[in-house]
Structure formats: C-alpha cells, structure tokens
Protein chains: 2
Amino acid sequence: MSTATETPKPHLLELLWRAAPEAGRGPRKGLTVDEVVAAAVALADEEGLEALTVRRLAQSLGKAPMTLYTYVPGKTELVALMLDTLFERMATTDAEGPGWRDRLAAVARDNYALYRAHPWAAAASPSRPPLGPGQCAKYERELRALEGLGLGDVEMDDALAHLLAFVRTAARDAAQSEAEREASAMSDAEWWQANGPLLAKVLDAERFPTAVRVGQAAGEAHDAAYDADHAFAFGMERTLDGLAAIIER
Amino acid sequence: MSTATETPKPHLLELLWRAAPEAGRGPRKGLTVDEVVAAAVALADEEGLEALTVRRLAQSLGKAPMTLYTYVPGKTELVALMLDTLFERMATTDAEGPGWRDRLAAVARDNYALYRAHPWAAAASPSRPPLGPGQCAKYERELRALEGLGLGDVEMDDALAHLLAFVRTAARDAAQSEAEREASAMSDAEWWQANGPLLAKVLDAERFPTAVRVGQAAGEAHDAAYDADHAFAFGMERTLDGLAAIIER
DNA sequence: CCGTACATCGTACGTTGTACAATATACAAC
DNA sequence: GTTGTATATTGTACAACGTACGATGTACGG
C-alpha cells in the first residue's frame with residue numbers, strides 16, 4: 001500500500017514535449033512515439049479519420065493493438081500528438097506584399113492548405129489546441145503577423161483566434177461537402193430526378209419568395225463543385241475586412 | 001421480378017416535408033415521426049448527442065429499438081429531422097434598430113442562442129443543412145435581413161452563409177470548452193500544479209517571446225470561464241464589420 | 001372471409017476503445 | 001553469475017454502437 005511503486009501514466013504535456021522519464025528496466029521498446037504518430041498521420045491522410053482505429057494502426061506497425069497503449073495513453077492523446085506534429089512540419093509561404101493584410105492572408109492560406117491536405121485535422125482539432133511545441137511555434141509565428149499594428153495583447157489573441165477559426169471551419173465544410181459528394185451514390189442528375197418533383201411542389205415562390213430566388217441564383221453561380229473554395233475566398237476577404245476595422249482605426 | 005412490389009424506402013426529403021404515402025394496410029402505427037423526433041430532441045437536449053442512441057431513444061418511447069426504423073430510415077436522417085424541427089420552432093427577436101447591422105446582429109444572436117440552448121445542434125448540423133420546411137423558413141427569414149442593401153443574389157447567400165458559419169463555430173467552441181471543463185477531473189489549480197513546472201521550463205521567453213507575452217495576457221484577461229462568450233462578442237463585431245465592406249460601398 | 005402488406009421486435013453481426021491478466025524480457029542489485 | 005523486479009507485449013474480454021434479417025401478429029382490401 002504505502003510502498004506501492006506508482007507508475008504515473010505520462011501526462012499529455014510530457015508526451016507532447018517528449019519529456020518521458022526514459023526508464024531502463026525491462027524489455028526494449030520496439031517503437032517510438034514518433035513512429036506511432038507518423039503511422040497514424042499517414043493512415044489518417046490516406047483513409048480518413050474514421051479509418052484511424054487502434055487495430056488498424058497497430059496492424060500497420062506490425063504490432064498487437066494493445067501494444068500501442070505503451071506509447072500513448074489513449075486515442076484522444078494520440079490525436080493531439082498527431083495535430084502537434086502536423087503544426088510542427090507545417091509549410092509556410094511568404095506574404096505577397098508588405099502590409100498586414102498580405103501577412104494575414106498568407107497565414108490564412110497556409111492554414112487552409114494545411115487543413116485541405118489533412119482533412120482529418122480540420123475535423124479533429126479542438127478550439128484550443130494542446131500546448132505542444134508545434135502549436136507554440138505556430139502561435140508565435142502567426143502572432144508576429146499581428147505585431148506592431150497598435151493592437152493590445154488581448155486583441156492580438158482575439159484577432160488570430162478569429163481568423164483561424166474561420167479558416168478551420170471553411171476547410172472543414174469544404175472537406176465535408178467533398179466527402180458527401182463522393183459518398184453519395186446518386187449523381188446530381190439522379191438526385192434532382194428523384195427529389196425534383198417534390199421540391200418543386202413544396203418550394204413555392206409565394207411562401208419563400210426570397211429563398212427561392214436567392215437559392216436558385218446561388219445554386220447556378222457555383223455549381224456545387226467549387227462551392228467550398230469560393231466560400232473560403234469570400235470569407236477570407238470579409239474576415240480581413242473585419243479585422244481592418246480595429247487595425248486601421 | 002417484374003411484378004415485385006417494391007417498397008421504396010422513404011427519402012429524406014419526403015420525411016422532412018411529411019409527404020409519406022400514408023399506407024392503410026397492416027397494423028396501426030403506435031407512434032408518429034413527430035413523436036420520435038420530439039423524444040430524440042428531448043434526449044439530446046438533456047444528455048447530449050452522444051447519449052442519443054437508438055436503444056435509449058426506443059426505451060424512452062417504450063418501444064423496442066428496431067421499431068424506430070419503421071419511422072426513420074436511419075440515425076443520419078433522424079438527426080436531420082431533429083435539426084429541421086429545431087429550426088421550425090426557433091425563437092427570433094426583433095432588431096434593436098433600423099439599420100442592416102441591427103438586423104444581422106439579431107440574426108446572429110438568435111442563432112447563437114439556439115445553438116447554446118441545443119449544443120448538439122451546433123455539433124451535428126452540416127454546412128449545408130437539408131432543405132426541410134424549418135430550414136427553408138429560416139433561410140427566407142434571415143435573407144430578408146439582407147434584402148434591399150444593393151447586394152446581388154449570390155452575394156446575399158454568401159454573406160448569410162458566412163455569418164451563420166461564424167455563429168455555429170462560435171457556439172460549438174463554446175459548448176466544447178464548457179464540456180471539457182466539466183469533464184476534466186482536475187480543477188484549474190490542480191492542472192496548473194501538475195503541468196506548471198514543465199510548462200515553465202519549456203515555454204521560455206527566448207524561443208517564444210510573442211507567444212508567451214500574448215498568451216499570458218489573454219489568459220489573464222478572460223479567465224477561461226467567459227472565454228467563449230467573449231470570443232462570440234468579438235467575432236460578431238468583426239464579422240459585421242467585414243460584411244459592411246461590401247454593403248456600405 | 002381470406003390473403004397480404006405492414007408494424008413490431010428478438011436475435012445477431014461486425015465494429016469500436018480499452019481494461020485486465022498473463023507472459024516474456026532485460027537490467028539492478030547482490 | 002544469479003536473482004528479483006520493472007516493464008514491453010499480447011490474447012482475451014467487455015460493453016456499447018448502428019442496423020440487417022427473419023419471425024410474428026395485426027388489420028384492411030379484395
């Protein structure tokens with residue numbers, strides 16, 4: 001009881017910063033945390049977040065499922081680790097001009113590209129990501145785009161969070177509508193043939209005049225294929241305009 | 001083969017508009033779609049989306065689990081129905097002033113209130129919700145706040161989608177951080193005691209000068225309790241400012 | 001009055017994350 | 001060199017999920 005050798009399970013923070021105690025007794029470890037995380041990222045990239053199961057991941061590493069719990073306390077922590085490595089290796093581009101707007105636009109585009117390349121990340125990432133090295137470096141780098149604009153520290157954090165939340169949502173919506181279109185057995189024509197009559201009957205222009213008019217215009221404009229990217233482009237300009245209101249005052 | 005009596009399973013649209021064929025043969029139905037949906041909404045309201053299982057829902061209705069599949073083709077369609085009834089019964093408030101900004105602010109606040117009252121809806125609702133009667137009425141009503149401002153039809157749709165996406169994300173983040181705080185076994189003090197030393201060691205101000213300064217300021221300003229509502233207030237003003245750029249031009 | 005369409009429901013399958021206990025291994029201490 | 005122990009690995013097992021399938025009973029159309 002009192003002499004029980006407590007093996008405190010590694011907290012998430014220790015894993016993120018790779019601050020494991022490095023014990024020496026017992027058999028050698030056949031893997032590293034990085035290998036597990038890398039395999040998980042590869043699997044999620046190729047087959048999506050729902051294909052990332054403990055069993056599949058263990059299989060891809062040539063181990064039994066339960067073995068992974070030696071390296072990671074649970075699936076939640078695994079996803080956090082995946083996200084942080086993604087942030088650490090994130091590609092960045094230079095701003096296209098000297099102004100704050102160019103810098104923030106580059107930040108937005110880089111994040112959008114990241115989430116489009118790894119759709120599982122947009123779906124998985126929580127509002128406040130865990131404070132790993134990758135996240136911290138990203139936060140530092142992106143905050144610099146807002147430095148020297150006359151904003152207070154709190155405003156800088158608010159502004160960045162606002163921009164990043166928009167990008168993440170846009171990417172998530174884009175990936176989702178893409179997945180829905182792929183998963184849908186019906187083509188657009190088939191869907192319209194099946195549901196068109198009912199829709200026409202029920203969406204009369206007297207009950208919903210504005211909705212019918214605007215909805216039809218929007219549907220024709222972007223034929224649902226480039227819908228998501230258009231929404232991102234529109235939203236990014238609006239978001240930057242919104243930030244301009246507190247920057248250029 | 002050719003004379004096979006095909007029982008076409010009801011499409012989602014028919015369910016949303018309650019356009020079921022109303023067959024007369026066989027035993028009486030013991031429930032209605034509305035009763036099932038209402039019970040599902042009540043269950044999700046009280047215990048969250050993850051507690052909404054077919055078994056629990058059937059139990060709350062006094063039926064066997066598989067019985068529900070008589071009324072709804074699957075869980076996906078059930079959630080769509082839940083969302084549409086939520087939209088149909090959604091409470092709206094009047095704008096606080098005569099301008100477009102007051103109208104849009106009212107739309108944003110109404111949506112935020114809806115998603116805060118029914119957190120599962122913010123988590124479940126897809127980017128493009130199904131075209132049920134509730135969704136259509138909501139779309140019509142909210143578009144009217146954008147009418148007569150000189151925007152094109154496509155721009156009106158873009159602007160509304162942009163605003164609603166922001167609100168949904170803000171509400172989702174708010175609910176998530178609230179849930180995390182409740183689910184966390186540790187209090188803030190405990191967490192800090194456990195992770196503070198490592199964090200202090202690893203977050204040195206030389207590697208991350210801006211991040212440390214801004215992060216500390218942000219952390220102190222809103223002590224994580226009213227964080228989410230603050231983010232909504234800030235983001236709403238920024239979003240409206242962003243839309244102003246294309247409305248007041 | 002009968003045949004059939006349909007509501008109801010019990011059972012079962014494949015899937016998930018992971019708790020638990022058994023086994024094998026390699027270093028620390030003597 | 002031997003022994004004790006911490007630990008990596010793994011097989012089995014559990015509870016929960018959505019839902020496919022088939023049996024059973026009911027009530028209306030012919």
Side-chain angles (χ1 to χ4, degrees), chain A residues 3-10 12 15 20-33 35-36 39-40 43-44 47-82 120 123-124 183, chain B residues 3-10 12 15 20-36 39-40 43-44 47-82 120 124 183:
Chain A
T3 62
T5 42
E6 46 188 65
T7 317
K9 79 152 80 175
L12 176 56
L15 268 132
E22 186 79 33
R25 199 108 75 160
R28 284 287 146 74
K29 292 203 177 210
L31 294 170
T32 61
V33 175
E35 284 175 313
V36 174
L43 183 54
E47 310 198 34
L49 192 58
E50 73 285 348
L52 176 66
T53 69
V54 177
R55 287 163 229 263
R56 293 255 315 176
L57 178 57
Q59 189 185 16
S60 85
L61 287 164
K63 298 284 178 180
M66 288 307 292
T67 303
L68 302 189
Y69 286 88
T70 314
Y71 300 92
V72 160
K75 201 187 180 183
T76 315
E77 290 83 356
L78 174 64
V79 173
L81 284 164
M82 293 168 63
W120 55 269
Chain B
T3 61
T5 42
E6 46 187 67
T7 317
K9 78 154 80 175
L12 176 56
L15 268 138
E22 185 81 34
R25 201 107 74 159
R28 285 286 149 77
K29 292 201 176 211
L31 294 170
T32 61
V33 175
D34 295 271
E35 284 174 314
V36 174
L43 183 54
E47 309 198 34
L49 192 57
E50 73 285 347
L52 175 65
T53 69
V54 176
R55 288 163 229 261
R56 294 252 324 188
L57 178 58
Q59 190 186 17
S60 84
L61 287 163
K63 298 285 178 179
M66 288 307 293
T67 303
L68 302 189
Y69 287 87
T70 315
Y71 301 91
V72 161
K75 201 187 179 182
T76 315
E77 290 82 356
L78 174 64
V79 173
L81 284 163
M82 292 167 65
W120 56 269

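The basis for the numbers below is simple: all heavy atoms, side chains too, and nothing from hydrogens, waters or symmetry mates. Every chain is numbered from 1, with letters handed out A, B, ... down the list of sequences. A quick note: this is a predicted structure, and the numbers were derived from the prediction, not measured.
Taking atom CG on A:Leu78 and atom P on C:dT16, their separation rounds to 15 Å, with Å as the unit. Atoms CG (B:Leu31) and C1' (C:dA7) sit 10 Å apart, rounded to a whole Å. Nucleotide C:dC27 holds its C1' atom 8 Å from the CZ atom of A:Arg28, rounded to whole Å. Atom CG of B:Leu68 and atom P of C:dC6 are 19 Å apart (whole Å). Here the P atom of nucleotide D:dT10 and the NZ atom of A:Lys29 are 13 Å apart, to the nearest Å. Between A:Lys63 atom NZ and C:dA24 atom P there is a gap of 16 Å when expressed in whole angstrom units.
Residue B:Thr67 has no polar side-chain atom (N or O) positioned under 4.0 Å from OP1 or OP2 of C:dA7.
Checked against salt bridge (Lys or Arg N to Asp or Glu O under 4.0 Å), A:Arg56 has the following partners two or more places apart in sequence or in another chain: A:Glu47.
No donor-acceptor distance shorter than 3.5 angstrom exists from the side chain of A:Tyr69 to the backbone of A:Gly74, with no hydrogens or angles considered. Using modelled atom types, one side-chain atom of A:Lys75 and one backbone atom of A:Leu52 make a donor-acceptor pair closer than 3.5 Å.
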> Going 5' to 3' along nucleotides 12-18 of chain D, which nucleotides have protein heavy atoms under 4.0 Å from the base (write B), which only from the sugar-phosphate (write S), and which from neither (write -)?
Replying inline: -----BB
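Across D:dT7, D:dA8, C:dA7, the shortest atom-to-atom separation from the side chain of A:Arg25 is found for D:dT7.
In this structure, the separation between OH on A:Tyr71 and CG on A:Leu15 is 12.5 Å, given to the nearest 0.5 Å.
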